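Data block below; observations after.
Predicted model, so just to flag it, every value in this text is computed and none were measured. Here is how names work: the chains are called A, B, and so on, in the same order as the sequence lines, proteins then strands, and each is numbered from 1.
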There are 2 protein chains.
Amino acid sequence: MRRAEPETRGEILAAATRRFAATGYRGTSLQDIATEVGCSKATVLYHFANKEALLTELMAPAITELQALDAALTGLTGRAAQQTAADGFVDLAVRFRREIALIRGEFPELLRQPEFAHIQRISERLRDALAGNTDRPAAQVAALVLLAGISETCAEFVDMPDAELRPALLALARRALEPVPEHPTQDKET
Amino acid sequence: MRRAEPETRGEILAAATRRFAATGYRGTSLQDIATEVGCSKATVLYHFANKEALLTELMAPAITELQALDAALTGLTGRAAQQTAADGFVDLAVRFRREIALIRGEFPELLRQPEFAHIQRISERLRDALAGNTDRPAAQVAALVLLAGISETCAEFVDMPDAELRPALLALARRALEPVPEHPTQDKET
DNA sequence: TCAGGGTCTGACCGATCGGTCAGGCATGCT
DNA sequence: AGCATGCCTGACCGATCGGTCAGACCCTGA
């Protein structure tokens, strides 16, 4: 199966995207991807060092922007952190719906691997920000429900237009988030 | 490793619960369970027909109550359906936190198997009820965010006392759910 | 004493997984 | 022509998976 142009790499990426989205990362074998492309499994491993390299390349843009959101969050507290986190996360989730769908359900498990430890930490900071940097259980619960729920919903509604999905999520987040005081922990006002 | 009393079966169930909760259903091998119990893999398969039978036995009580909630939903529409679904689902999610944690993340995949097709249908009806039986995207989005978010949150906060978790989730659900007209489909007013 | 049934096990099976490797083929440079 | 290089492949590897099976062990009842 000789190919005229060296587009194989791109085709592998595209096929991997489809298969990961359909059956998950763990549920997709290199053979599955190779079959969909129409090449051999060895060819897939010629273009990518291993299965994980495929996933990381697919997720790279999303991770970059997630880190940017995390950076934008530093220094913010209370309501400001809450709103920045909510708006920023909804935006990311909507735009990177496909990427979220790729690792659907396998998020907790993938995060446990050391390579993704920093993402784990980012998502924790995101949760704290959404909770307005409060330890109050109700705020933590609301923050986690939103984070997890928005991710899953975006993965589920891959075909809904951005213009419908985004405002619906933003409105929901505004309704759901508990208002918090401006200086939450041990607040004395500066 | 002879055992004095025939408690092996129970020990296997307990070990399976711990392992599934720690590394997921797919991420746990029969050998893992056998090692934790201190018996052979063959013994696990002597007491349970196969791996799936272990899971279904673990999930049976939760599934039964989920079906009961589904039954209580029939005939209800609009606000009544919304509130019954929200209260009922929060209650189930809180009480069966451990069971949710067992299949964490693998829900979509497990649902795809024909044995669990009826649960798939129940969760769809639950989502419709939470949305107040409306097709409006905003309502469907809110319903799915709540369903997925509450499940994940309960699985995450396994150690939070019911008395804290339940009211936090109920308050959140009440805030998050869009009010819907009483007779939603083909509505003209509002 | 012996038979039978419940419990448990090691050895084994076929399938599938991610990954390796030596080599084949086409192309383009020298 | 000869050679290097990029692309691709079949054959193969060790590991692990869920599951099977013949038989060993122990207890009980006749």
Side-chain angles (χ1 to χ4, degrees), chain A residues 1-59 102-103 105-106 109-110 112-116, chain B residues 1-59 102-103 105-106 109-110 112-116:
Chain A
M1 188 145 310
R2 185 92 317 129
R3 342 203 99 263
E5 306 155 25
E7 292 208 351
T8 313
R9 199 189 139 92
E11 290 179 30
I12 291 173
L13 272 176
T17 303
R18 288 192 296 271
R19 299 306 300 153
F20 286 163
T23 56
Y25 175 70
R26 289 245 316 253
T28 300
S29 68
L30 293 175
Q31 186 56 63
D32 289 337
I33 299 171
T35 301
E36 179 141 336
V37 174
C39 68
S40 75
K41 187 180 63 167
T43 300
V44 175
L45 287 163
Y46 168 75
H47 286 285
F48 298 90
N50 49 43
K51 194 185 178 186
E52 192 189 305
L54 246 173
L55 180 64
T56 31
E57 179 149 339
L58 252 18
M59 301 293 293
L102 293 192
I103 53 169
E106 303 176 276
E109 196 174 345
L110 287 174
R112 223 160 281 157
Q113 295 181 259
E115 310 91 294
F116 295 118
Chain B
M1 189 151 301
R2 186 91 319 125
R3 339 204 99 262
E5 305 156 25
E7 292 207 352
T8 312
R9 197 189 140 93
E11 291 179 29
I12 291 172
L13 272 176
T17 303
R18 288 190 297 270
R19 300 305 301 150
F20 287 163
T23 55
Y25 175 70
R26 288 246 317 252
T28 300
S29 68
L30 293 176
Q31 187 57 62
D32 290 337
I33 299 171
T35 301
E36 178 140 339
V37 174
C39 69
S40 74
K41 188 179 64 167
T43 300
V44 176
L45 287 162
Y46 168 75
H47 287 284
F48 298 91
N50 48 44
K51 193 184 177 185
E52 190 188 307
L54 245 174
L55 181 64
T56 31
E57 179 149 337
L58 251 19
M59 301 293 292
L102 294 192
I103 54 169
E106 305 175 278
E109 196 173 346
L110 287 173
R112 223 160 280 156
Q113 295 181 263
E115 310 89 294
F116 294 120

Handout entry: Protein-nucleotide distance (B:Q31, atom CD; C:dA11, atom P), rounded to Å
Key = 13 Å

Handout entry: N or O in side chain of A:S29 less than 4.0 angstrom from C:dC17 OP1/OP2
Key = yes

Exercise for the section: Would you mind classifying the nucleic acid contact of A:L45 as base, sugar-phosphate or nothing, using non-hydrogen atoms under 4.0 angstrom? Expected result: base

Exercise for the section: In whole angstrom, give the distance that lies between atom OH of A:Y46 and atom P of C:dT20. Expected result: 15 Å

Exercise for the section: Would you confirm whether B:T56, through its side chain, and B:A53, through its main-chain N or O, come within 3.5 Å as a donor-acceptor pair? Expected result: yes

Problem - Residue of the set A:V37, A:T8, A:L30 for which side-chain contact (heavy atoms from CB on, under 4.5 Å) holds with A:T43 - result: A:T8

Practice task
Write down the distance between CZ (B:R9) and P (C:dC8), rounded to a whole number of angstrom.
Solution key: 12 Å

Exercise for the section: Whole angstrom is fine here: how far is it from CZ in A:F48 over to C1' in C:dG18? Expected result: 16 Å

Practice task
Under 4.0 Å between any heavy atoms, over every strand shown, what does B:T43 touch: base, sugar-phosphate, or nothing? Just pick one.
Solution key: base

Problem - Atom pair CG (B:L54) and OG1 (B:T28), whose distance is rounded to the nearest 0.5 Å - result: 10.5 Å

Completion exercise
Rounded to whole Å, the CG-C1' distance (B:L54 to D:dG18) equals 12 Å

Exercise for the section: Find the distance B:E7:CD to C:dG6:C1' and express it as a whole number of Å. Expected result: 16 Å

Handout entry: Whole angstrom value for the distance that separates P of D:dG19 from CD1 of B:I33
Key = 11 Å

Handout entry: Rounded interatomic separation in angstrom, taking CG from B:D32 and C1' from D:dT16
Key = 11 Å

Exercise for the section: Return the 5'-most residue of the pair B:V44, A:L30 with respect to DNA chain C, ranking by each residue's nearest nucleotide. Expected result: B:V44

Practice task
Hey, which sits more toward the 5' end of DNA chain D by its nearest nucleotide, B:A42 or B:Y25?
Solution key: B:Y25

Exercise for the section: Tell me which nucleotide among C:dG18, C:dT9, D:dC8 gets nearest to the side chain of A:K41. Expected result: C:dG18

Problem - Over-ring placement of B:K51 relative to B:Y25, 6.0 Å and 45° cut-offs - result: yes

Exercise for the section: Check whether any side-chain N or O of A:H47 sits under 4.0 Å from OP1 or OP2 of D:dC8, and answer yes or no. Expected result: yes

Practice task
Find out whether B:I103 and B:F20 are in side-chain contact, i.e. whether some heavy atom of one side chain is under 4.5 Å from a heavy atom of the other.
Solution key: no

